[in-house]
Enquirer: 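Below you'll find the structure I mean.
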Amino acid sequence: MSLHDDLLGQADLLAYTDKNKPKQANLRRAVSAAYYALFHLLVDHGSRFLVSGASPQREALRHQLARSFDHGQMRKASQAFAAPRPGDNPWRKALGTAPSTALVDVASAFIDLQEARHEADYDLARAFSRGEVAALVVQAQTAFTNWNSVAGTPEGDAFLVALLVRGRT
Amino acid sequence: MSAVDEITKALKKAKLPDWVESTHVETMVDHIGDAAVRVIVVVRADRGDIVKDGGALSDLRRKVHLAIDEVGVDLYPYTRFTIAGEAA
């Protein structure tokens, strides 16, 4: 199993681990795991798309590249692909067509989960309910499914490049 | 009319599914400092299992995005779901 699949499983496990009143610590970690599952899924696909090959040298290069993905840049790219209008993102403009519903959902999930992760890890005044967390975990699971239908397509490739490279307008 | 009022009005018109008990809209500043809105969707207690239905939740999120876009409010909607009567 990959790291992203394990994190997605962990998010689901933590959301339901307490039978009665759920502990905030478990719900918060579930939200965090859901976000990092999607983050690592996209980083994994982005790294493999940009650096292919199975030799040790290529693998080392790919691992180095994976460390270059930045949460802020990934969010900006997601905003550009989730927005109804193209804006000035060069990769979205280069697509020439509007992103599919599946890709818009992946991009929106990244934005939503990143915000939720920030609240879960830093906003102690915020209390999460199990229903809210269950919906966030399901959003990550749905994003995985949607990504499978987008991976390897021109729009999926454009999104992966945009996640790493700001580009010029 | 404030953005919250406009969005609230748009959501009332949007024909949300019958498992939605109510919606609540509030302004917020997200963690990168952008103004945004939080749309809290309260799910009917007897339909709580809907929070496990990714397709239904995605459809609802899209309706929220569309309703906000149609009234011309340029704020990202963070849509959250909670089940009626559920303690946080």
Side-chain angles (χ1 to χ4, degrees), chain A residues 12 15-16 20-22 24 27-28 31 34-35 71-76 78-80 82-85 87 101-102 104-123 125-146, chain B residues 17 19-24 26-88:
Chain A
D12 195 56
Y16 295 101
N20 298 314
K21 184 175 167 55
Q24 284 295 305
L27 295 181
R28 287 171 184 274
V31 172
Y35 168 67
H71 294 272
Q73 171 58 30
M74 291 175 76
R75 183 199 167 89
K76 281 180 190 159
S78 296
Q79 283 175 315
R85 282 168 286 279
T101 303
V104 169
D105 279 0
V106 171
S108 297
F110 188 85
I111 299 165
D112 293 346
L113 290 166
Q114 187 181 87
E115 184 66 23
R117 199 287 296 186
H118 201 270
E119 290 170 9
D121 284 351
Y122 302 115
D123 187 355
R126 179 89 158 72
F128 287 85
S129 67
R130 193 187 325 255
E132 179 179 13
V133 172
L136 288 164
V137 172
V138 166
Q139 188 175 14
Q141 291 166 344
T142 306
F144 270 54
T145 304
N146 282 325
Chain B
W19 49 263
V20 175
E21 182 169 294
S22 61
T23 56
H24 175 73
E26 58 193 30
T27 54
M28 61 177 280
V29 176
D30 65 23
H31 82 277
I32 58 166
D34 285 350
V37 286
R38 183 182 289 116
V39 178
I40 299 163
V41 177
V42 181
V43 175
R44 275 174 35 197
D46 62 336
R47 299 292 307 278
D49 274 358
I50 205 83
V51 298
K52 296 176 186 169
D53 184 339
L57 301 188
S58 294
D59 287 346
L60 198 283
R61 281 192 197 93
R62 267 184 242 118
K63 280 190 175 176
V64 170
H65 280 255
L66 190 65
I68 291 175
D69 189 49
E70 279 176 355
V71 293
V73 174
D74 191 22
L75 297 172
Y76 186 84
Y78 291 97
T79 308
R80 297 293 175 81
F81 298 87
T82 188
I83 301 168
E86 185 184 44

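In the text below, chain A, chain B and the rest are named by the order of the sequence lines, each starting its count at 1.
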Enquirer: Pick one of side chain, backbone, both or neither for A:Ser108, based on which atoms fall under 4.5 Å of a heavy atom in chain B.
Expert: both
Enquirer: Contact between A:Thr142 and B:Arg61 at the side-chain level, heavy atoms closer than 4.5 Å - yes or no?
Expert: no
Enquirer: Between A:Ser129 and B:Phe81, does a side-chain contact (heavy atoms from CB on, under 4.5 Å) hold up when you go through it step by step?
Expert: CA-CA 9 Å; A:Ser129 67; B:Phe81 298 87; over 6 Å; no
Enquirer: What pairs with B:His24 under ring pair (Phe, Tyr, Trp, His ring centres under 6.0 Å), at least two apart in sequence or on another chain?
Expert: none
Enquirer: I need the single residue from A:Glu119, A:Arg117, A:Gln114 that forms a side-chain contact (heavy atoms from CB on, under 4.5 Å) with B:His31. Which is it?
Expert: A:Gln114
Enquirer: Please find the pair of heavy atoms, one from A:Ala135 and one from B:Leu57, that lie closest to each other, and give the distance.
Expert: CB-CD1, 3.7 Å
Enquirer: Could you tell me which of A:Pro84, A:Ala83, A:Gly72 has the largest number of non-hydrogen atom pairs under 4.5 Å with chain B?
Expert: A:Pro84
Enquirer: With only heavy atoms counted, which part of A:Glu132 is less than 4.5 Å from chain B, the side chain, the backbone, both or neither?
Expert: both
Enquirer: Please determine whether side-chain contact (heavy atoms from CB on, under 4.5 Å) holds for the pair B:Arg80 and A:Leu136, giving the CA-CA distance in whole Å, both sets of side-chain angles, and the decisive distance to 0.1 Å.
Expert: CA-CA 8 Å; B:Arg80 297 293 175 81; A:Leu136 288 164; 4.2 Å; yes
Enquirer: Can you tell me which residue pairs pass the side chain to side chain donor-acceptor pair (under 3.5 Å) test with a partner in residues 62-73 of chain B, sequence neighbours excluded?
Expert: A:Arg85-B:Asp69, A:Asp105-B:Arg62, B:Asp59-B:Arg62
Enquirer: Go through the steps for A:Arg75 and B:Asp30 under the test salt bridge (charged side-chain N to carboxylate O under 4.0 Å, His left out), then give the verdict.
Expert: CA-CA 12 Å; A:Arg75 183 199 167 89; B:Asp30 65 23; 2.9 Å; yes
Enquirer: Where is the tightest heavy-atom contact between B:Tyr78 and A:Asp112, given as atom of each residue plus distance?
Expert: CD2-OD1, 3.7 Å
Enquirer: Taking B:Glu86 for its side chain and A:Gly131 for its backbone only, find out whether a donor-acceptor pair lies under 3.5 Å.
Expert: yes
Enquirer: For A:Ala109, is it the side chain, the backbone, both, or neither that has a heavy atom closer than 4.5 Å to a heavy atom of chain B?
Expert: neither
Enquirer: With a strict 4.5 Å heavy-atom criterion, list every residue of residues 41-52 of chain B that contacts chain A, or say none.
Expert: B:Val51, B:Lys52
Enquirer: Who are the side-chain contact (heavy atoms from CB on, under 4.5 Å) partners of A:Ala80, not counting sequence neighbours?
Expert: A:Asn89
